[in-house]
Number of protein chains: 2
Amino acid sequence: MAREKGLKGMESRERLLAAAAEEFANRGFHETKVSTIVKRAGLTQPAFYLYFPSKEAVFDELVNAFRTRLHALIGSSRFEAQVEAQDVPKRVRMAVETFFRFLEATPHLTRIGLFLAPKAEEIKKELIALIAFNLSAEQQAGYFRSDLSMKTVAECLVGIVERLTLSQLLPGIKSPESLASQVVDLLLYGMLSMKHTSA
Amino acid sequence: MAREKGLKGMESRERLLAAAAEEFANRGFHETKVSTIVKRAGLTQPAFYLYFPSKEAVFDELVNAFRTRLHALIGSSRFEAQVEAQDVPKRVRMAVETFFRFLEATPHLTRIGLFLAPKAEEIKKELIALIAFNLSAEQQAGYFRSDLSMKTVAECLVGIVERLTLSQLLPGIKSPESLASQVVDLLLYGMLSMKHTSA
DNA sequence: AAGTAACATTACTCGTGAGTAATATCTCAT
DNA sequence: ATGAGATATTACTCACGAGTAATGTTACTT
């Protein structure tokens, strides 16, 4: 009764998931046909329904996979205790870099969970709240200007990440490192040239 | 032969356009049914095809309407000649504010042209290039740090605008003015508190 | 008042694509 | 080697929604 059970099935299921992820990411939900997914996975239509109750169900599963990984990432990359002021830029840069790397690692899931899903707005709202919380702590500690709303800053940061992910990261034009350093440089120090700033 | 010709027809057409804009903005292209559009416009299905060759055609017309207005806006809001250094923040803030007001004025078109359309990425690319061009001029003039890529800054700015438009502007949570001043404050001066910056 | 565009309707077609019923094969435990 | 569950297939159904054919009505021009 307990053989190497379900191995083949799991493999088929995984193939379907991978094919679905790619199709959804490239064509969106409606343009993606179940018939195409199964073709890519080397199966036929009814096999699909052996593993998923509906087309929506696969999509949701992919969205949830993204959400779960995202939460895992955030959970593991909490800001640690007291930091020296000089270290703040580096720490922020590293955090942003880690995030870009995460997005780059699973491009299909990123496209689905961050841009295609109806839930995407909700997911980003969670993300923003978390970032705002972390930034507020740094602000309390005196590292950031006290007249800025960290909620707004978090929104801006996420907006920037979204934009750059779509136009630079996913197309492979720029690396997580270079994007992170440019973004953080801009956000921490601002655009104005020093002579005007330090006046 | 030349009566008050086409008046009724134009009105029906406008009603269809308006209904389509609202439906597309709220439900997206595929979830929007021609049957729903015509119902909202107080007409029946074939009347729709009296004015538009297809569902796609209305969508495209709305996207183009957005694009056209956007280009008009940009064309009219060119940066003028030499500005005093102290005026730069104000001018930038005004430009961003104008842009937010533009987006707020036609929320449905904004949603369609900036977020729903397949062409949206292309439209943003154009926009970014234009902003980058303007910012580069200011940079040449010494107002902005010379070590920043204005192309990247433009991308960041657009990313921020996208995000805030979706989460704050269109839902009516914040005004164009407050959003513009917060965004520009952040981008020009950065997040770091002064004691660290001026070190 | 009558002819003619313009504007609109009722009643269809028809492709597409999600999902299913019935059936077949493969693989392992006994 | 055989029965049983797991894995897959062939051959459908069926709803939905875009687009159309045929026809009717309105309103203005002469």
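Letters A, B, ... are given to chains in the order of the sequence lines, protein chains preceding strands, and every chain is numbered from 1. What's counted below: heavy atoms across the whole structure, side chains too, no hydrogens, waters or symmetry copies.
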Next on the checklist: With the threshold set at under 4.0 Å for non-hydrogen atoms, list the residues of residues 50-66 of chain B touching DNA chain D in residue-number order.
Outcome noted: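 Output list: S54(B), K55(B).
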Item to check | DNA chain D contacts among residues 14-43 of chain A, heavy-atom distance under 4.0 Å | outcome: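 Under 4.0 Å from DNA chain D: L43(A).
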Which residues pass the side-chain hydrogen bond (donor to acceptor under 3.5 Å, both in side chains) test with [X], not counting sequence neighbours?
{"X": "E31(A)", "answer": "H30(B)"}
{"X": "S175(A)", "answer": "E177(A)"}
{"X": "K33(A)", "answer": "none"}

Next on the checklist: Using the ring-ring contact (aromatic ring centres under 6.0 Å, His included) criterion, which residues pair with F99(B)? Sequence neighbours excluded.
Outcome noted: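 Checked F99(B) against ring-ring contact (aromatic ring centres under 6.0 Å, His included); zero matches.
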Checklist entry - Does a donor on one side chain sit under 3.5 Å from an acceptor on the other, for K174(A) and T152(B)? => result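 Their side chains do contain a donor-acceptor pair, which is all the 3.5 Å distance test asks for.
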Checklist entry - If only side-chain N and O atoms of T44(A) are considered, is one of them under 4.0 Å from the OP1 or OP2 phosphate oxygen of dT10(D)? => result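 For dT10(D), OP1/OP2 do not have a side-chain N/O of T44(A) under 4.0 Å.
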Checklist entry - Between K8(B) and dC28(D), does any side-chain N or O lie under 4.0 Å from OP1 or OP2? => result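 Looking at the OP1 and OP2 atoms of dC28(D), neither is under 4.0 Å from any side-chain N or O of K8(B).
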Item to check | Residues which pass salt bridge (Lys or Arg N to Asp or Glu O under 4.0 Å) with R163(A), listed by chain and number, not counting sequence neighbours | outcome: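 If we apply the salt bridge (Lys or Arg N to Asp or Glu O under 4.0 Å) test to R163(A), skipping adjacent residues, the hits are E121(B), E162(B).
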Next on the checklist: My understanding is that only residues two or more places apart in sequence, or in another chain, count here; which of them pass salt bridge (Lys or Arg N to Asp or Glu O under 4.0 Å) with E104(B)?
Outcome noted: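 Expected list: none.
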Next on the checklist: Considering only residues two or more places apart or on different chains, which pairs with a residue in residues 10-23 of chain B satisfy side chain to side chain donor-acceptor pair (under 3.5 Å)?
Outcome noted: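 Every pair satisfying side chain to side chain donor-acceptor pair (under 3.5 Å) with a residue in residues 10-23 of chain B: R13(B)-E61(B), E22(B)-R40(B), E23(B)-R27(B), E23(B)-R40(B).
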Next on the checklist: Counting distance alone, no hydrogens or angles: does the base of dG17(D) have a donor or acceptor under 3.5 Å from a partner atom on the side chain of Q45(B)?
Outcome noted: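 Absent.
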Item to check | Rounded distance (Å) that lies between atom P of dT26(D) and atom CG of L7(B) | outcome: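 Rounding to the nearest Å, CG of L7(B) and P of dT26(D) are 18 Å apart.
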Checklist entry - Nearest-Å distance, CZ (F48(B)) to C1' (dG17(D))? => result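 The distance from CZ of F48(B) to C1' of dG17(D) comes to 12 Å, rounded to the nearest Å.
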